[in-house]
Amino acid sequence: MAVEVLEKGYDPAKVEDKWSGYWINNGFFKADVNDLRKTFSIVIPPPNVTGSLHMGHALNNTLQDILARFKRMDGFNVLWMPGTDHAGIATQNVVERELAQKGISRHSLGREKFIEHIWKWREEFGGIIINQLKKLGASCDWSRERFTMDEGLSRAVREVFVELYHEKLIYRGDYIINWCPRCQTALSDLEVEHEETEGYLYYLKYPLYNSKKFVVVATTRPETMLGDTAVAVNPNDERYKKLIGKTAVLPVMGREIPVIADEYVNKDFGTGAVKVTPAHDVNDFEMGLRHNLEAIRVMDVDGRMNDNAGPYRGLDRFRCRKEIIEEFQKNGTLKKRENYSHNIGHCYRCKMVIEPTLSKQWFVKVKPLAEPAVEAVKDSRVRIIPVSWEKTYFEWMNNIRDWCISRQIWWGHRIPAWYCNDCGEVIVSKEDPTQCAKCMSSNISQETDVLDTWFSSALWPFSTMGWPEHTRELELFYPTSVLVTGFDILFFWVARMIMMGIKFMGKVPFNDVYIHALVRDIEGKKMSKSKGNVIDPLVIIEKYGADAFRFTLAAFAAQGRDIKLSEERIGGYRNFANKVWNASRFSLMNIEGYDENLIDKDRIDYTLSDKWIMSRLNRAIEQTRDALENYRFNDGAHLLYQFVWHEFCDWYIELIKPYLFDKADSNLRLNTQHVLLGVLNTVLCLLHPFMPFITEEIWSKLPNSEGSITVHQYPKSDSNLIDEKAEAEMNLIIDIVGNIRNVRGEMNIPPATQVETFLYTEDRETYDKLERNKDHIKNLARIGNLSISSNKKEYKSSATAVVDKVEIFVPLKGIIDFYEEEKRLKKESDKIEKKLMLLNKKLSNEDFLSKAPPHVIEDERIENINLIEKKRKFEEGIQRMQALQRER
RNA sequence: AGGCACGUAGCUCAGGGGGAGAGCGCUACCUUGACACGGUAGAAGUCGGCGGUUCAAAACCGCCCGUGCCUACCA
């Protein structure tokens with residue numbers, strides 16, 4: 001038969017796009033609702049529409065793809081649901097910035113026009129990340145791509161909001177929230193990033209009413225003093241007992257404010273007296289409630305001081321801080337200023353310093369939702385892998401606070417609440433109302449706030465499958481099999497999905513949560529644009545190929561450890577891809593004349609090499625499956641690497657070369673070709689989830705393959721093919737060859753020199769094994785003349801080695817340096833001696849003999865006997881070398 | 001402040017109660033009919049420190065040191 005020979009090296013760029021297109025056009029990744037096989041489903045953690053593929057996405061999606069491809073091949077009806085999320089604040093910021101370049105502000109456009117603009121933008125750029133995922137090889141069902149702002153998903157959002165509102169799990173109220181003056185919106189607690197910042201602690205003197213005395217308060221945010229409505233001390237603080245109930249006069253504003261007692265105050269911090277600003281601090285707000293204090297906002301939405309700030313009205317908050325301190329200094333009422341380092345909250349989107357502000361917002365009452373979500377993990381309806389994350393999950397869920405879900409931006413799901421402008425009634429409804437439910441006035445207006453993006457993401461596992469409709473998809477694919485994600489969104493997303501899933505579907509959204517590491521740079525730092533340490537996955541794919549890149553990510557993805565990505569490592573796996581390519585190339589170059597029909601499969605006479613490789617292969621199959629079933633991606637990658645390179649290529653291919661090259665024995669040749677192609681075929685299948693492109697490319701050239709490898713049966717191990725005897729025999733051969741090579745290497749014998757070798761053993765069985773594999777030993781160790789004997793002869797001027805019951809003699813007359821050889825033997829002998837000493841100590845220890853398990857003792861005894869024998873042989877060798885040196 | 005990881009060969013990291021491992025790098029040799037993105041061999045580690053449990057600890061426990069991360073309302 002005519003065989004197409006592969007090119008000399010693998011060039012990923014030539015084949016990747018071809019196969020991406022082929023897979024998608026042929027619908028291999030489509031989930032079928034009429035398919036009755038068992039199902040496997042994953043929903044993608046939706047990337048931001050504004051995003052482009054970064055290392056985190058690459059890792060996350062590589063792991064999902066490995067699972068999806070594995071399960072698809074293993075006979076499951078697989079749904080991998082793709083899509084993107086509308087990323088409210090981020091997207092709005094991006095489009096605003098773009099408009100700003102044209103000198104347009106969103107306010108001049110108006111809400112409706114601006115939103116139209118974003119949709120247009122999304123049409124143009126929103127697909128970028130989706131295409132990048134395709135480049136990575138992600139086998140999502142692209143025909144089902146979803147977007148959190150799609151009509152269906154929006155309906156789900158509304159349904160959930162209205163339901164929760166009617167159950168009083170959503171409420172509206174005045175509380176301190178995190179306000180970003182740049183984005184001009186409220187943020188949830190999670191969206192605030194705390195960062196240790198060097199600052200100052202200012203000590204301010206507040207005069208007491210009708211007195212020459214002062215009370216000194218300490219603060220890091222002096223500008224908020226303009227909104228102070230009390231000074232608080234601890235009720236048990238002897239220093240201040242007299243002051244409780246007295247009145248202080250707020251500097252600048254001249255407002256009379258009470259000195260109150262509250263347990264919250266820490267006697268040992270600062271002066272033990274605290275200024276209280278209920279409108280700009282969470283704790284102060286709560287104190288305000290306890291003591292019925294007025295809350296005075298002193299800042300506007302943009303972070304400038306407002307009308308309540310007296311002379312500082314209109315100033316930016318930081319400018320105001322500076323000027324207030326100057327004012328206190330001038331008056332002599334700034335007692336002191338200390339260096340002080342503390343945590344300051346920043347907006348996770350724009351990094352602006354957050355201003356805690358009293359504001360009317362919408363909240364989700366989380367506790368009633370969190371409790372069943374905690375239960376679900378406790379009773380393993382949701383398994384978190386690795387389990388160590390469970391603790392973090394519980395910790396957070398048990399201390400959870402209400403979730404602020406309203407955002408003062410335009411891009412997002414508008415809150416389905418209407419206010420009656422006549423009677424003030426609030427109407428929350430699935431359908432847009434036309435009139436007030438209470439007074440029937442048609443003078444109503446909709447809430448302008450939109451929902452937190454995470455609110456819609458929380459519904460993702462069922463909203464993408466058509467909920468609130470009762471769809472076939474939900475029936476088949478919900479709960480999903482596994483969620484694969486990074487720990488950074490465990491709270492943002494995972495916890496909330498579990499809450500919402502249980503609440504609205506009555507079932508958890510996924511059975512497993514696999515939490516993977518974060519990808520960092522080589523120094524272990526988080527990759528970020530501002531640090532300039534990002535490695536762009538697409539550049540990597542171009543340079544090394546998607547397969548090498550994916551394999552690297554998988555090999556690095558050990559549970560519970562972050563990934564420090566190095567380009568060198570990717571290069572190493574690029575080499576591996578090339579190795580696979582060349583092993584395939586070799587196979588295809590040597591199957592001329594092969595015809596499967598000529599093989600009588602029931603009567604093949606397998607060689608030792610065949611039995612050995614099939615045995616090893618079947619172990620590899622079993623272990624790979626086990627690794628994938630248990631999310632041990634790195635184990636899977638490593639063991640396949642090891643098997644393909646160091647067993648299949650290094651040994652099997654080398655062992656069978658003579659069989660393939662010898663055209664005389666056509667039966668042997670045919671059988672060998674058969675096994676070779678069979679193993680290669682299986683190896684490609686095993687590797688496919690990790691390296692989809694190269695495996696499909698080679699698969700397409702194989703004579704014993706048909707269709708696409710993506711839908712071919714994943715290998716199943718056959719325990720009948722695991723052959724301990726073959727493995728033991730091959731191990732002996734490998735050891736002997738290794739030892740002869742070692743001698744050659746140590747003695748600096750050029751590879752081209754064909755040495756003579758004698759193998760001596762008294763053991764009959766071993767002798768037979770050696771005889772049977774004489775040619776292999778000769779070929780692999782490059783031996784000219786190999787004698788095997790059970791009669792000991794004097795091999796005087798030869799290097800020696802010992803393997804098991806075999807003594808190896810390599811006569812090196814004229815080449816060998818007796819002194820060098822003696823040194824080499826001594827080194828070996830010393831190693832053995834060390835081991836023997838440890839063993840002897842153990843075996844003479846009464847406690848060891850009486851308490852250790854019998855098989856351990858037995859093993860150690862056998863080892864001891866073997867080592868003694870081995871050492872004796874080395875000592876003989878040493879004596880021979882010494883004798884030879886004396887003779888000279 | 002609390003919590004969680006991590007500290008194993010020059011580098012990046014697996015492993016895990018009874019033999020110290022891999023990849024890269026390094027050294028020497030080799031264009032041997034798949035592959036120099038290759039082959040063969042080699043050097044290299046008190047498994048962070050100190051205690052404890054155990055017949056046996058790099059692994060389990062405690063403390064300490066170092067690194068990273070997460071959570072938190074002491075102004």
Side-chain angles (χ1 to χ4, degrees), chain A residues 5-6 8-10 176 189 194 201-202 217-221 224 232 264-277 281-286 340 342-343 356 386 388-389 391-392 395-396 399 401 487-488 490-491 518 520 522 524-526 544 548 552 555-556 558 560-566 568-569 571-590 634-635 638 641-642 646 649-650 653-654 657 661 738 741-746 748-752 779 781-782 835 838 842 845-853 855-857 859-860 863:
Chain A
V5 172
L6 302 181
K8 198 169 166 183
Y10 173 58
I176 294 277
D189 294 339
H194 293 274
L201 186 61
Y202 302 93
V217 296
T219 180
T220 54
R221 291 155 68 216
T224 62
Y264 159 76
V265 181
N266 179 351
K267 287 188 284 188
D268 303 321
F269 188 88
T271 59
V274 182
K275 60 189 268 320
V276 183
T277 324
D281 184 281
V282 190
N283 301 304
D284 294 6
F285 175 73
E286 281 163 10
Y340 186 64
H342 60 144
N343 276 319
S388 52
W389 287 105
K391 198 168 175 181
T392 313
E395 192 70 28
W396 190 70
N399 296 304
R401 295 168 61 196
F487 61 80
D488 49 335
L490 181 62
F491 306 139
L518 246 47
R520 300 174 182 281
I522 193 83
K525 293 194 184 110
K526 210 165 168 171
Y544 298 97
T552 311
F556 265 114
R561 191 197 272 256
D562 282 348
I563 294 175
K564 288 190 217 168
L565 195 68
S566 79
E568 275 178 8
R569 229 11 219 276
Y573 291 116
R574 185 260 326 265
N575 296 353
F576 176 62
N578 198 52
K579 191 75 179 175
V580 172
W581 180 263
N582 273 291
S584 309
R585 178 170 186 255
F586 170 82
S587 307
L588 293 174
M589 285 166 80
N590 287 287
N634 59 323
D635 284 351
H638 281 133
Y641 182 99
Q642 173 68 26
H646 298 304
C649 292
D650 286 354
I653 287 184
E654 294 306 324
K657 273 180 180 173
F661 295 158
R741 284 171 172 173
N742 172 276
V743 167
R744 298 183 61 123
E746 297 277 296
N748 284 324
I749 301 159
N779 289 330
R782 312 202 119 251
K835 277 192 197 166
L838 287 171
K842 235 182 194 181
N845 183 342
E846 281 302 323
D847 286 331
F848 174 72
L849 295 174
S850 59
K851 287 178 184 165
H855 73 273
V856 172
I857 301 173
D859 285 354
E860 302 286 44
E863 177 74 356

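In what follows, chains are A, B, ... by sequence order, proteins preceding strands, each numbered from 1.
- Comparing B/G42 with B/C6, their P atoms sit 33 Å apart, to the nearest whole Å.
- With sequence neighbours excluded, the residues satisfying side-chain contact (heavy atoms from CB on, under 4.5 Å) with A/Glu654 are A/Lys657, A/Leu780.
- With rounding to whole Å, A/Glu286 atom CD is found 14 Å from B/A72 atom C1'.
- Map A/Gly738 and A/Gly9 each onto its nearest nucleotide of RNA chain B; the residue landing nearer the 5' end is A/Gly9.
- A/Val265 comes within contact range of at least one nucleobase, with a heavy-atom separation under 4.0 Å.
- Stem regions for RNA chain B, each three or more consecutive Watson-Crick or G-U pairs with both distances under 3.5 Å and listed by first number, read B:1-7 with B:65-71, B:10-13 with B:21-24, B:26-30 with B:38-42, B:48-52 with B:60-64.
- Taking the C1' atom of each, B/G7 and B/G15 are spaced 15 Å apart, rounded to whole Å.
- The side chain of A/Phe491 approaches B/C70 more closely than any other nucleotide in the set B/C70, B/C35, B/A41.
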Contacts under 3.5 Å, N or O only, protein and nucleotides 53-55 of chain B:
from: B/C55; atom 1: OP1; to: A/Lys851; atom 2: NZ; distance (Å): 3.0
from: B/C55; atom 1: O2'; to: A/Asn845; atom 2: ND2; distance (Å): 3.2

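- Here the separation of B/U31 from B/G68, taken at their P atoms, is 50 Å to the nearest Å.
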Tabulated below should be each protein N or O lying under 3.5 Å from an N or O of nucleotides 1-4 of chain B; please produce it.
from: B/C4; atom 1: OP1; to: A/Lys391; atom 2: NZ; distance (Å): 2.7

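- Within the nucleic acid shown, A/Val282 has no heavy atom closer than 4.0 Å to any nucleic acid atom.
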Mark up nucleotides 19-31 of chain B, 5' to 3', with B wherever a protein heavy atom is under 4.0 angstrom from a base atom, S wherever such an atom reaches only the sugar-phosphate, and - elsewhere. ----SS----SS-
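- Between the A/His638 side chain and the A/Asn634 main chain, a donor and an acceptor come within less than 3.5 Å of each other.
- Between the P atoms of B/C47 and B/C60, the separation comes to 15 Å (whole Å).
- Residue contacts shown for A/Lys275 are absent, as no nucleic acid heavy atom lies under 4.0 Å away.
- Looking at A/Thr220 and A/Leu201, their side chains come closer than 4.5 Å, going by heavy atoms from C-beta outward.
- The CZ atom of A/Phe848 lies 5.0 Å from the CD1 atom of A/Ile857; values are rounded to the nearest 0.5 Å.
- Which of B/C70, B/A34, B/A14 sits closest to the side chain of A/Phe661 comes down to B/A34.
- In this structure, CG on A/Asn582 lies 11.0 Å from CG on A/Leu588, to the nearest 0.5 angstrom.
- Comparing B/A22 with B/A14, their C1' atoms are spaced 7 Å from each other, to the whole Å.
- For A/Tyr202 and B/A75, the shortest distance from a side-chain N or O to OP1 or OP2 is not below 4.0 Å.
- Taking atom CZ of residue A/Phe556 and atom C1' of nucleotide B/A14, one finds them 11 Å apart after rounding to whole Å.
- Comparing B/A34, B/C74, B/A36 by their closest approach to the side chain of A/Asn266 singles out B/C74.
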Please set out all donor-acceptor pairs under 3.5 angstrom arising from side-chain atoms of residues 573-581 of chain A, sequence neighbours excluded.
from: A/Tyr573; atom 1: OH; to: A/Arg569; atom 2: NH2; distance (Å): 3.4
from: A/Asn578; atom 1: OD1; to: A/Tyr10; atom 2: N; distance (Å): 3.1
from: A/Trp581; atom 1: NE1; to: A/Glu7; atom 2: O; distance (Å): 2.8

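- Between A/Asn742 and B/G42 there is a side-chain polar atom (N or O) within less than 4.0 angstrom of OP1 or OP2.
- Comparing B/A41 with B/C55, their P atoms sit 42 Å apart, to the nearest whole Å.
- Between the CG atom of A/Asp281 and the C1' atom of B/C74 there is a distance of 10 Å, given to the nearest Å.
- Counting non-hydrogen atoms under 4.0 angstrom, A/Arg585 reaches the backbone sugars and phosphates but no base.
- Residue A/His342 places its side chain closer to B/A75 than to any other of B/A75, B/C73, B/A34.
- If you check B/A14, B/G42, B/U71 against the side chain of A/Glu746, the one that comes closest is B/G42.
- Remark: A/Lys657 is in phosphate contact with B/A34, judged by side-chain N or O atoms under 4.0 Å from OP1 or OP2.
- You'll find a donor-acceptor pair under 3.5 Å spanning the side chain of A/Lys579 and the base of B/C35, going by distance alone.
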Begin from the C-alpha positions of A/Val282 and A/Arg401 and carry the test side-chain contact (heavy atoms from CB on, under 4.5 Å) through to its verdict. CA-CA 13 Å; A/Val282 190; A/Arg401 295 168 61 196; 3.9 Å; yes
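- The side chain of A/Glu654 sits closest to B/C35 out of B/C35, B/C69, B/A75.
- Rounded to the nearest Å, the gap between the C1' atom of B/U71 and that of B/A56 is 41 Å.
- Among the protein residues, A/Tyr340 comes within range of the sugar-phosphate backbone only, with heavy atoms under 4.0 Å from sugar or phosphate atoms but none that close to a base.
- Looking only at side-chain heavy atoms (C-beta outward), A/Phe491 and A/Asp189 stay at 4.5 Å or farther from each other.
- Distance, A/Asp650 CG to B/G39 C1': 9 Å, rounded to whole Å.
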